[in-house]
Amino acid sequence: MSLRLEHDGPIARLLIDRADKRNAFTLAMWHLLPRLLAEAAALPDLRLLLVQAAHPGGAFCAGADIPELLANKDDAEWLAANQAAINKAQHDLTRFPLPTIAWVEGDAVGGGCGLALACDLRIATPSARFGITPSKLGIVYPLHDVKLLIDLVGPGQAKRMLFSGQLLDADEAHRIGLVELLAGGPSCIKDAIVAASRHSTKAAKGFVRRVLDGQTADDAETLAIFAAAFAGQDFAEGAAAFVERRKPQFIA
């Protein structure tokens, strides 16, 4: 399978497994992604989703499958279906209810960079490179993904990447805020997220999404979420662990 989900306790991995094509995404893969995300979201013990290449050392994702795109460039129905599938996949990944990490070792280009943008955090090795290259093909990057890019790096750096199509190395991507962490693996933050309250991280992600979507003040729903947490079992465990000077053991 070119795209699959693996699950190990509180961690699920969305694996891109098309190394011979530099993990380029086909229309079938864009269609499959939302179904795998729904499957992951239904796992009762899940705390973290990792998006990564199935095989270490190669590309994270080279973006769209260009031969497939060229073969269908004059088929308006196929192009519309492809656009809708990409938009659906990116929307669902961005709004996955629990924390997501893109673990990038090689190139994340075009739609591959978009996949990384749709995750909550991006962790890269020194060999990683990031680029948004539609300007080299005469096509246009999706508006949803442009917003994700601007949210991370600001309009100036976003324009730089979109206008030039240049690839940024890991250090430069980190400097401009495209990458949160440079590390040899996701364990630098993975273990801390897994150990944290699932209720807290899920609620925090929801609040961040509200802010990014334009909400600037509490409403009745956010106030209720905040207040209800104090009656929850995670707060009881967290408070007890604090008083007893031990690490909390959240089970929710």
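Along the sequence shown, the residues carry numbers beginning at 1. All values below come from the heavy atoms of this structure, side chains included, with hydrogens, waters and symmetry mates left out.
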Within a strict 4.5 Å, meaning less than it, do heavy atoms of the Ser135 and Phe163 side chains meet?
-> no
Step by step, would you call Arg18 with Asp65 a salt bridge (charged side-chain N to carboxylate O under 4.0 Å, His left out)?
-> CA-CA 11 Å; Arg18 203 167 177 240; Asp65 184 288; 2.7 Å; yes
Ile16 versus Leu115: any side-chain heavy-atom pair under 4.5 Å?
-> yes
Please report the shortest heavy-atom distance between Ala173 and Leu168, naming the atom on each side.
-> N-CB, 4.4 Å
Could you walk me through whether Leu33 and Asp92 pass side-chain contact (heavy atoms from CB on, under 4.5 Å), step by step?
-> CA-CA 9 Å; Leu33 181 54; Asp92 288 4; over 6 Å; no
For the side chain of Arg122 and the backbone of Ala116, is there at least one donor-acceptor N/O pair under 3.5 Å apart?
-> yes
Sequence neighbours left out, what passes ring-ring contact (aromatic ring centres under 6.0 Å, His included) with Phe242? Give chain and number order.
-> none
Please examine the side chains of Ile123 and Ile101, heavy atoms only from C-beta on, and report whether any two atoms are closer than 4.5 Å.
-> yes
Exceeds 12 heavy-atom contacts within 6.0 angstrom, atom CD of Gln83 = no
For Trp30 and Gln90 the tightest heavy-atom approach is CZ3-OE1, 4.2 Å
Evaluate the side-chain proximity of Thr94 to Leu117: yes if any heavy-atom separation is below 4.5 Å, no if none is.
-> no
Are the side chain of Lys147 and the backbone N or O of Leu212 linked by a donor-acceptor pair below 3.5 Å?
-> yes
Rounded to the nearest 0.5 Å, how far does NZ of Lys202 lie from OG of Ser197?
-> 11.0 Å
Under 3.5 Å donor-acceptor, Asp219 side chain and Thr222 backbone | yes
Walk me through it: do Gln233 and Ile251 pass the test side-chain contact (heavy atoms from CB on, under 4.5 Å)?
-> CA-CA 9 Å; Gln233 63 180 5; Ile251 60 173; 4.2 Å; yes
Backbone of Ala196 reached by a side-chain donor or acceptor of Arg47 within 3.5 Å = yes
hydrophobic_cluster_shared for Leu152 and Val211, side chain cutoff 4.5 Å = no
For atom CD of Glu244, is the number of surrounding heavy atoms from other residues, nucleotides or ligands below 6.0 Å larger than 12?
-> yes
So NE2 of His31 and CD1 of Ile86: to nearest 0.5 Å the spacing works out to 10.0 Å
Gap separating the NE2 atom of His199 from the CG atom of Asp234, nearest 0.5 angstrom | 7.0 Å
Do the non-hydrogen side-chain atoms of Pro99 and Leu49 ever get within less than 4.5 Å of each other?
-> no
Distance (rounded to the nearest 0.5 Å) between Glu39 CD and Leu37 CG = 10.0 Å
For the side chain of Thr100 and the backbone of Asp120, is there at least one donor-acceptor N/O pair under 3.5 Å apart?
-> yes
Verdict with supporting geometry, Leu149 and Asp145, side-chain contact (heavy atoms from CB on, under 4.5 Å) = CA-CA 6 Å; Leu149 180 64; Asp145 295 3; over 6 Å; no
Among Ile, Leu, Val, Met, Phe, Trp and Tyr joined by side-chain contacts under 4.5 Å, find the other residues sharing a cluster with Phe226 and list them by chain and number.
-> Phe230, Phe235
Leu15 to Ala53 - nearest heavy-atom pair and separation | CD2-O, 4.2 Å
Does Thr133 use its side chain to pair, donor to acceptor, with the backbone of Lys136 at less than 3.5 Å?
-> no
Can you tell me if Lys73 uses its side chain to pair, donor with acceptor, with the backbone of Glu68 under 3.5 Å?
-> no
Quick one: are Pro126 and Leu182 in side-chain contact, heavy atoms under 4.5 Å?
-> no
Step by step, work out the side-chain contact (heavy atoms from CB on, under 4.5 Å) result for Arg129 and Gln166.
-> CA-CA 10 Å; Arg129 297 191 302 174; Gln166 292 176 332; over 6 Å; no
Is a side-chain donor or acceptor of Arg198 paired with a backbone partner of Leu46 at a separation under 3.5 angstrom?
-> yes
Between Asp169 (side chain) and Glu172 (backbone), is there a donor-acceptor pair under 3.5 Å?
-> yes
Distance-only donor-acceptor check, side chains Ser187 and Asp191, under 3.5 Å = no
Minimal heavy-atom distance between Ala241 and Lys247, with the atoms involved, is CB-C, 4.0 Å
Supply the atom-to-atom distance Asn82 CG to Phe25 CZ, rounded to the nearest 0.5 angstrom.
-> 11.5 Å
Under a 4.5 Å side-chain heavy-atom rule over Ile, Leu, Val, Met, Phe, Trp and Tyr, are Trp78 and Leu137 clustered together?
-> yes
May I ask whether Val51 and Phe96 are part of the same hydrophobic cluster, defined by side-chain heavy atoms of I, L, V, M, F, W, Y residues being less than 4.5 angstrom apart, directly or through others?
-> yes
Heavy-atom pair with the smallest gap, counting every atom of Gly110 and Tyr141 | O-OH, 2.8 Å
Quick one: does Ile176's side chain get under 4.5 Å of Phe130's, heavy atoms only?
-> no
Ignoring hydrogens and geometry, is there a side-chain-to-backbone donor-acceptor pair from Lys205 to Pro97 under 3.5 Å?
-> no
Would Leu121 and Trp103 show up in the same hydrophobic cluster when neighbours are defined by side-chain heavy atoms closer than 4.5 Å?
-> yes
Residues Asn23 and His55: side-chain donor-acceptor under 3.5 angstrom | no
Is it true that Leu167 and Met161 fall in one hydrophobic cluster, defined by side-chain heavy atoms closer than 4.5 Å?
-> no
Can you find a pair of side-chain heavy atoms, one from Val140 and one from Pro134, that are under 4.5 Å apart?
-> no
Nearest heavy atoms of Glu105 and Ser127, plus distance in Å = O-OG, 2.6 Å
First locate atom SG of Cys61, then atom CE of Met29, and finally report the distance between them rounded to the nearest 0.5 Å.
-> 6.5 Å
